[in-house]
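Have a look at the structure below before the remarks.
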Amino acid sequence: MKNFFSLFILTSFISFSQTKYEYFGALKLNGDERQIITYRIVFTEKKGVIEGYSITDIGGENETKNNIVGSYNSKSNSFNFKELGILYTKSAISQDSFCFVNFVGKVKLGTQNSKVDGAFSGMFKNKTKCIDGKVSLVNLSKIEKKINTMNKKVQKSVFVDKETKAKVKSVSILDSLTVNSLKKDQNLNVFVYSKEINLEIWDTKIEDGDKIDLYHNGRKILDYYTVLNKKKTIKIKLDDDKNVFRIEAISEGERKMNTAKIHLIDDKRVFEMSTNLKKGEKASITIIKN
């Protein structure tokens, strides 16, 4: 776990925007030193107001994205945020059973060595206490530069084969931390407010002939569809009770794995995800109306 955490920190990065910040690291739960959960927060700060989101258990079976709000005082460096509600989760647990992070501490935003470090308190939706712990997050823009420098050296090396070079590209590492990936038999629960949604599906990389079938509550809405660089947009009226979208990989194209980028758009919110499936594998998205 220690080695994994070190690798995770080394591959973290931050936006250079004056008002947008990204921190990566982990949560350590009280009572179990081995219980380390990867954690990321992304937020904007405007006139002392913090708004954004957090992602817990990145890439894991219980990956969850929450809204966060808080405040920041640039004079005292006082910083706080709390998770409010779930945007999506891979966990089967109900919203009422989730333990939301609440943090109060000192953070100096806007500096390369800035970090969010200290105790957090956990609260259920009904404001009762749950498990507490420590949050340890870093802003390492200079590490990103080191990663890119290392990558350039690897790409130029005559002693490294093409396959290894492709695997160590920093952009691939960073993508794995910032884009939710749906793997075999995984289900993503998304909480929405609209009666209609838009689904956008496309290939962000080289078109290699990946084909998918897409179902909405068992009804096929895309049949043997070839995923292209050009976005395919589908407007869907949601059913009253439940809405399950199942993606099946029909082929892997010329390259290994069937990959498709998906945006689920609910009013003004965009849920970003991608598929990473072998031929014959499937994953699903369950829409839950708030």
Side-chain angles (χ1 to χ4, degrees), residues 1 4-5 8 11-12 22 24-29 32 35-42 52-68 83-101 122 124-125 130-131 133 135 137 172-193 197 199-201 212 214-218 236 238 241-249 257-266 269-278 280-290:
M1 179 62 74
F4 171 79
F5 182 59
F8 184 78
T11 55
S12 302
E22 296 191 35
F24 292 89
L27 303 175
K28 183 181 290 186
L29 306 183
D32 189 351
Q35 185 69 4
I36 295 176
I37 303 171
T38 53
Y39 195 63
R40 172 185 175 222
I41 57 173
V42 180
Y53 63 85
S54 66
I55 301 181
T56 310
D57 190 29
I58 300 168
E61 294 181 356
N62 296 305
E63 180 177 312
T64 301
K65 183 176 182 179
N66 295 296
N67 284 314
I68 64 171
E83 296 175 335
L84 281 183
I86 301 170
L87 292 171
Y88 73 67
T89 182
K90 291 180 181 176
S91 175
I93 305 172
S94 68
Q95 266 206 93
D96 293 335
S97 301
F98 274 88
C99 189
F100 295 105
V101 171
F124 287 119
K125 191 175 181 180
C130 48
I131 194 166
V135 58
L137 309 175
S172 298
I173 297 172
L174 297 174
D175 280 350
S176 69
L177 298 177
T178 56
V179 179
N180 174 40
S181 180
L182 280 173
K183 300 176 183 178
K184 177 185 177 182
D185 296 332
Q186 284 189 333
N187 176 70
L188 186 71
N189 296 304
V190 179
F191 294 84
V192 305
Y193 294 90
I197 62 166
L199 276 181
E200 294 179 341
I201 302 172
I212 63 169
L214 178 64
Y215 296 83
H216 175 211
N217 285 346
I236 300 168
L238 298 177
D241 45 7
K242 71 174 183 177
N243 292 269
V244 179
F245 294 88
R246 185 173 79 252
I247 305 108
E248 295 187 5
M257 305 302 288
N258 182 302
T259 56
K261 189 74 173 287
I262 300 173
H263 277 176
L264 190 156
I265 304 170
D266 165 37
R269 298 185 304 169
V270 178
F271 300 90
E272 185 177 1
M273 63 205 78
S274 64
T275 60
N276 194 24
L277 304 170
K278 294 181 181 179
E281 293 181 345
K282 58 187 177 181
S284 60
I285 304 166
T286 300
I287 306 298
I288 301 171
K289 291 185 183 180
N290 276 311

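We use all heavy atoms of the structure for the numbers below, so side chains are in, but hydrogens, waters and symmetry mates are not.
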For the pair L238 and V192, evaluate side-chain contact (heavy atoms from CB on, under 4.5 Å) and give the outcome as yes or no after the intermediate values. CA-CA 10 Å; L238 298 177; V192 305; 4.1 Å; yes
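- Partners of K183 under the side-chain contact (heavy atoms from CB on, under 4.5 Å) rule, at least two apart in sequence or in another chain, are S181, Q186.
- In this structure, E63 contributes its side chain and K90 its backbone to no donor-acceptor pair below 3.5 Å.
- Between A26 and L137, the shortest heavy-atom distance links the atoms N-CD2, 3.7 Å.
- One finds the OH atom of Y53 at 13.5 Å from the CZ atom of R269 (value rounded to the nearest 0.5 Å).
- The NE2 atom of H216 sits 12.0 Å away from atom CZ of R246, with the distance rounded to the nearest 0.5 Å.
- For the atom pair CD1 of I41 and CD of E83, the computed distance is 9.5 Å after rounding to the nearest 0.5 Å.
- Crowding of K289 atom NZ: a count of heavy atoms from other residues, nucleotides or ligands under 6.0 Å exceeding 12.
- Looking at L214 and I201, their side chains come closer than 4.5 Å, going by heavy atoms from C-beta outward.
- Side-chain contact between F98 and N66 is absent, with no heavy-atom pair separated by less than 4.5 Å.
- For the pair V101/Y39, a side-chain contact is recorded, criterion being any heavy-atom separation below 4.5 Å from C-beta on.
- Between C99 and G122, the closest heavy-atom pair is SG-CA, 3.6 Å.
- At a threshold of 4.5 Å between non-hydrogen side-chain atoms, the residues I262 and L199 count as touching.
- Taking CD1 from I131 and CG from L29, the interatomic distance works out to 4.5 Å, rounded to the nearest 0.5 Å.
- Counting heavy atoms from C-beta on, the side chains of K261 and E272 come closer than 4.5 Å.
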Applying side-chain contact (heavy atoms from CB on, under 4.5 Å) to V190 and F245, what does each step give before you reach the verdict? CA-CA 11 Å; V190 179; F245 294 88; over 6 Å; no
side-chain contact (heavy atoms from CB on, under 4.5 Å) evaluation trace for K65 with I86: CA-CA 6 Å; K65 183 176 182 179; I86 301 170; over 6 Å; no
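- Exactly one of T89, D266, I287, L87 qualifies for a side chain to side chain contact (heavy atoms under 4.5 Å, CB included) with F191. That residue is T89.
- Separating the CG atom in L264 from the CD atom in E200 is a distance of 10.0 Å, to the nearest 0.5 Å.
- Applying the side chain to side chain donor-acceptor pair (under 3.5 Å) rule to N187 yields the partners N189, S284, T286; only residues at least two apart in sequence or on another chain are considered.
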Test I285 against Y88 for side-chain contact (heavy atoms from CB on, under 4.5 Å), laying out the working first. CA-CA 10 Å; I285 304 166; Y88 73 67; over 6 Å; no
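- Counting only heavy atoms from C-beta outward, the side chains of M257 and K278 approach each other to under 4.5 Å.
- In this structure, the separation between CG on D185 and CG on L277 is 9.0 Å, given to the nearest 0.5 Å.
- Looking at D57 and T64, their side chains never come closer than 4.5 Å, going by heavy atoms from C-beta outward.
- Using a 4.5 Å heavy-atom threshold, the side chains of N62 and I37 count as separate.
- Not one N or O on the side chain of N67 forms a donor-acceptor pair closer than 3.5 Å with the backbone of L84.
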